[in-house]
Amino acid sequence: MSNVRVRFAPSPTGFFHIGGARTALFNWLYARHTKGTFVLRIEDTDKERDRPEFLQVILDGLRWLGMDWDEGPEKGGNFGPYFQSQRGHIYEEYITKLKESGRAYEKEGALWLKISGEGQVINDAIRGRVERKEEEDFVIVRSNGTPVFHLVNVIDDLTMQITHVIRGEDHLSNTSKHMELFRAFEATPPIYAHIPLILKSDGPGKMSKRDRGALIEEYQQRHFLPEAVRNFLCLLGWSPKEDREILPIEEVISLFDIANVNKNNAHFDEKKMAFINCEYVKHLPLDSFVDKVKPILLSSKVIDENTDKDYIKDVLSICQEKVRGLEDVPHFVGYFFTENYPFDEKAKEKVMKKGNVNERLEEFLAFIEPLNALVESELEPGIKKLAESKNVNTGDYIHAVRLAVSGTNVGPGIYGLIRVLGKTRVQQRIKKFIA
RNA sequence: GCCCUCAUCGUCUAGUGGCUAGGACAUUGGAUUCUCAUUCCAAAAACCGGGGUUCAAUUCCCCGUGGGGGUACCA
């Protein structure tokens, strides 16, 4: 284990923002890369907004994304407590130090820090040398007695022996205040690394919690694969510097370094997020795809506890490569599990326009009648031969059959579809359609 | 206003003092005489502007412009 100690310090406000998740991720990656320590600290000092039950949202989100912490809530550690609300006595102690050294003074009931008057040089690990001078004394304890963010943040980083502060660029301007505080405590500031922000995909400014795709909870609810979300987040501000984008987290850990994090802000791209999720879904082993999809099909009432397990697996095996993500599966496979499947009017219109649909279906029925089991290896050449003999396109049979047995014109490959539905069901559905 | 910061296709990015400036998403067009929400192929698409430095700048420097952030007894 190295001596690197990084931290993620969220406020439990009831949601887990994508920007926060990315900050957590970069801290976590750096900790794992350096074999250091990832500390989770909860900044729950805002009485107006913070609620204890909101903590769970953050913890769930972190776990979901596979970011385990070495110290913090539900884990403990030698530098606790890890909730700011429980660290009051530590703050008192440090406030007293400032008063005694003459660096803090009271005015109008609030405690102010007397600035050094010198420019602060930040040797940012990402941005290089940044110079900024704090021009005015600032409040560190409000007149109601509560300490402000800058003070507690610095005291926590100091006492938790944080070596690298990896945080959003929105804190870059605050850093001069924080360095003033470290100097006032006669301590060496940590190494700072300010990572770029995630901007809205369209309008101006950074992602806000109201923007589509801004909350980790949204991806959880929409059944995104956490590995995919994490992979996408890795690519926002960092790159493996080769022409690959989908890469396992172990590889990211070994390649990641704060020195090669980008400086420029990145716009959120919903489409790319969806694409990466698709890639992960497609490459899931079938068994794990089935395991993940089953509960979704159950809760959307597409299947129930009695639905045949092998049949479910058969259906999913032909659909996996076609679905657009786990959340689309119920809609995609609905007709496999009910005789009451809806007909897509546009698809119907498109197929019927070709004409002679019933004739084709009759011919198809006659073709499968003598067959025992319907398998791809017989269906494909059989239908082609049938089409040739009638002097029509294979597509005429395929489109008509697909519409009749599924109610739509999109789906898995037709031969697999017919095989999985089975002869009896295919015959019944086509007959019902013709009638 | 002041302070800080950033700048390669629409978007995410790779890259270089001399290259046909690479990849991915998205887009468009083909192919798979089986749909497409699969797959494959192809196309279009970028170095913000102006000054320097240099034999040579997309690359280095300066100034603009544009974006972003900060300017709270919020975090």
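In what follows, chains carry the letters A, B, and so on, assigned in the order in which the sequence lines appear, proteins first and then strands, with residues in each chain numbered from 1.
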Give the B/S/- string for nucleotides 19-37 of chain B, one per nucleotide from 5' to 3', where a protein heavy atom under 4.0 Å of the base yields B, of only the sugar-phosphate yields S, and otherwise -. ---BBBSS-------BBBB
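Taking atom OH of residue Tyr192(A) and atom C1' of nucleotide C4(B), one finds them 15 Å apart after rounding to whole Å. Taking atom CZ of residue Arg167(A) and atom P of nucleotide U5(B), one finds them 15 Å apart after rounding to whole Å. Between Lys133(A) atom NZ and U5(B) atom P the separation is 16 Å, expressed in whole Å. Spacing between atom NE2 of His267(A) and atom C1' of U8(B) amounts to 15 Å, rounded to whole angstrom units. Rounded to whole angstrom, the span from the NE2 atom of His194(A) across to the P atom of G70(B) amounts to 12 Å. Put simply, CG on Leu172(A) is 20 Å from P on G67(B), counting in whole angstrom units. Regarding Leu151(A), its CG atom lies at a distance of 14 Å from the C1' atom of A75(B), rounded to whole Å. Lys263(A) places its NZ atom 10 Å from the C1' atom of U5(B), with the value rounded to the nearest Å.
Across G69(B), C73(B), A7(B), the shortest atom-to-atom separation from the side chain of Ala110(A) is found for C73(B). Residue Ala266(A) has its side chain nearest to C12(B) when only C12(B), C73(B), G15(B) are considered. Relative to the side chain of Lys241(A), the nucleotides A14(B), C12(B), G68(B) differ in distance, and A14(B) lies closest. Comparing G69(B), G15(B), A75(B) by their nearest atom to the side chain of Glu169(A) picks out G69(B). Considering only the side chain of Val139(A), C73(B) comes nearest among G69(B), C73(B), G68(B).
Taking for each of Asp170(A) and Arg127(A) the nucleotide of RNA chain B with the nearest heavy atom, the 5'-most of the two is the partner of Arg127(A).
Using modelled atom types, one side-chain atom of Arg22(A) and one backbone atom of Leu236(A) make a donor-acceptor pair closer than 3.5 Å.
Taking only side-chain nitrogens and oxygens, Asn262(A) comes nearer than 4.0 Å to OP1 or OP2 of U13(B). Side-chain N/O atoms of Asn265(A) include none lying less than 4.0 angstrom from OP1 or OP2 on A7(B). Taking only side-chain nitrogens and oxygens, Lys206(A) comes nearer than 4.0 Å to OP1 or OP2 of G70(B).
A salt bridge between Glu134(A) and Lys177(A) is present, with a side-chain N of the basic residue lying under 4.0 Å from a carboxylate O of the acidic one. Under the 4.0 Å criterion applied to side-chain N and carboxylate O atoms, Glu118(A) and Lys133(A) are not assigned as salt-bridge partners. A salt bridge is defined here as a Lys NZ or Arg NE, NH1 or NH2 lying under 4.0 Å from an Asp or Glu carboxylate O, and Asp137(A) with Lys114(A) fails to meet this definition.
Residue-environment remark: NE2 (His331(A)) stays at or below the threshold of 12 foreign heavy atoms within 6.0 Å.
The P atoms of C19(B) and G10(B) are separated by 22 Å, rounded to the nearest whole Å.
Note on Glu131(A): only backbone sugar-phosphate atoms sit closer than 4.0 angstrom, heavy atoms only; bases stay farther off. No contact: Ile383(A) has no heavy atom under 4.0 Å from any strand. Across all strands, Gly109(A) comes closer than 4.0 Å to no nucleic acid atom at all (heavy-atom distances). Using a 4.0 Å heavy-atom distance criterion, Ser239(A) is classed as a sugar-phosphate-only contact. Within the 4.0 angstrom heavy-atom criterion, only backbone atoms of the sugar-phosphate kind lie near Lys282(A); the bases stay farther away.
Evaluation of His171(A) against the base of G70(B) yields no stacking contact (centre distance < 5.5 Å, interplanar angle < 30° required).
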ring-ring contact (aromatic ring centres under 6.0 Å, His included) for His171(A) and His194(A)? Distances and angles first, verdict last. CA-CA 7 Å; His171(A) 284 293; His194(A) 288 92; 7.3 Å; no
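For A75(B), the base has a donor-acceptor partner in the side chain of Asn174(A) [N/O atoms by modelled type, under 3.5 angstrom].
Taking the centre and axis of the six-membered ring of Phe343(A), the NZ or CZ atom of Lys348(A) falls inside the cone set by 45° and 6.0 Å. At least one cation-pi condition fails for Lys272(A) and Phe275(A): the charged atom is not both under 6.0 angstrom from the six-membered ring centre and inside a 45 degree cone around its axis.
To the nearest 0.5 Å, the span separating NZ on Lys390(A) from CG on Asp396(A) amounts to 13.0 Å.
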